[in-house]
Amino acid sequence: MQGYVHSIETFGTVDGDGIRFVLFLSGCRLGCKFCHNPDSWQIGSGQAMTAKEILGKVDDYRPYFEASGGGLTITGGDPLVQPEFTAEILELANKAGINTCLETSGFGDSEAFAKLVSMADTVMYGLKGFSSKAYRQLTAHDGTVIRRNLDILGKLKSQARIRYLVIPTVTDTAGEIAQLARFLRPLPAQFEIEPIAYHTMGLGKWEALGRPYQLDHLRPPTEDEMLSFIMSLKQHGLKAMGTAPASDELSA
């Protein structure tokens, strides 16, 4: 089987624990209006490779990432667009004893998603807010599939990381956080939430592709807003990455 690879990063440090060999697969159907890699959306674009060829490249860098407790991260685009190919890569990596991380938005077939989650050592799940309102504003969908697959993840993995996009007035509101907390707290998994600050670094790619950027009215969060978001998560009983100041410091 051949799949399509958008790009490869051999020394990744932000897509999982340790140093990672990061495989960016082509194809994404979520349509995020802020995406910094819209060139990765097209299904069937990029370099055609077999899973065996990919594992050969991964093996070349194995001494570097294993010394740091790292491994292979499969991301995109979104791996759920090429689930059979992703499963084959994970199977070969597991047989070779390579640590694997699946990074996904969660937008895809639930049966395929459950299979990939069960095969990966760890999962990083990218939330673009939580409510249908936020998803409609920021993507081409309403988030129903993503919430369904998040429920599946919470029942299949004892631990998982949520990468949550923080956009002032859109995804960091009291309502979004409360809905997220009500959804996550009953699930068996111990979720760790990593706040990701919204940015516009992909604007140049949108312009190069001749596509209008629709979120010009939004701005990145300040450091204080990120800290306030982290504190709000912790007040709702959620585990958040990052350090929040005491409440009196935030109100100063």
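Under the salt bridge (charged side-chain N to carboxylate O under 4.0 Å, His left out) criterion, Arg219 pairs with Glu225, not counting sequence neighbours. The salt bridge (charged side-chain N to carboxylate O under 4.0 Å, His left out) test applied to Lys155 returns Asp151, not counting sequence neighbours. Glu84 is linked by a salt bridge (charged side-chain N to carboxylate O under 4.0 Å, His left out) to nothing, counting only residues two or more places apart in sequence or in another chain. Annotation: salt bridge (charged side-chain N to carboxylate O under 4.0 Å, His left out) contacts of Asp15 (sequence neighbours excluded): Arg163.
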Side-chain donor-acceptor contacts of residues 17-30 below 3.5 Å, not counting sequence neighbours, with atom names and distances?
unit_1: Arg20; atom_1: NE; unit_2: Thr73; atom_2: OG1; d: 3.0
unit_1: Arg20; atom_1: NH1; unit_2: Asp17; atom_2: O; d: 3.0
unit_1: Arg20; atom_1: NH1; unit_2: Asn99; atom_2: OD1; d: 3.1
unit_1: Arg20; atom_1: NH2; unit_2: Leu72; atom_2: O; d: 3.1
unit_1: Arg20; atom_1: NH2; unit_2: Asn99; atom_2: OD1; d: 3.0
unit_1: Ser26; atom_1: OG; unit_2: His6; atom_2: N; d: 3.3
unit_1: Ser26; atom_1: OG; unit_2: Ser45; atom_2: O; d: 2.7

I'd like a table of donor-acceptor pairs (distance under 3.5 Å, sequence neighbours excluded) in which one partner is a side-chain atom from residues 200-218, with atom names and distances.
unit_1: Lys205; atom_1: NZ; unit_2: Asn37; atom_2: OD1; d: 2.5
unit_1: Trp206; atom_1: NE1; unit_2: Cys35; atom_2: O; d: 2.7
unit_1: Tyr213; atom_1: OH; unit_2: Tyr198; atom_2: OH; d: 2.8

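The distance from the CG atom of Asp78 to the SG atom of Cys32 is 9.5 Å, given to the nearest 0.5 Å. Going from atom CD1 of Ile98 over to atom OH of Tyr61 covers 14.0 Å, rounded to the nearest 0.5 Å.
Phe229 has its ring centre less than 6.0 Å from the ring centre of Tyr164.
Under a cut-off of 6.0 angstrom, the local environment of NE2 in His141 is crowded, with over 12 non-hydrogen atoms contributed by other residues, nucleotides or ligands. Crowding of Lys115 atom NZ: a count of heavy atoms from other residues, nucleotides or ligands under 6.0 Å not exceeding 12.
Test Thr171, Leu127, Thr144 against Tyr135 for side-chain contact (heavy atoms from CB on, under 4.5 Å) and you get one pass: Leu127.
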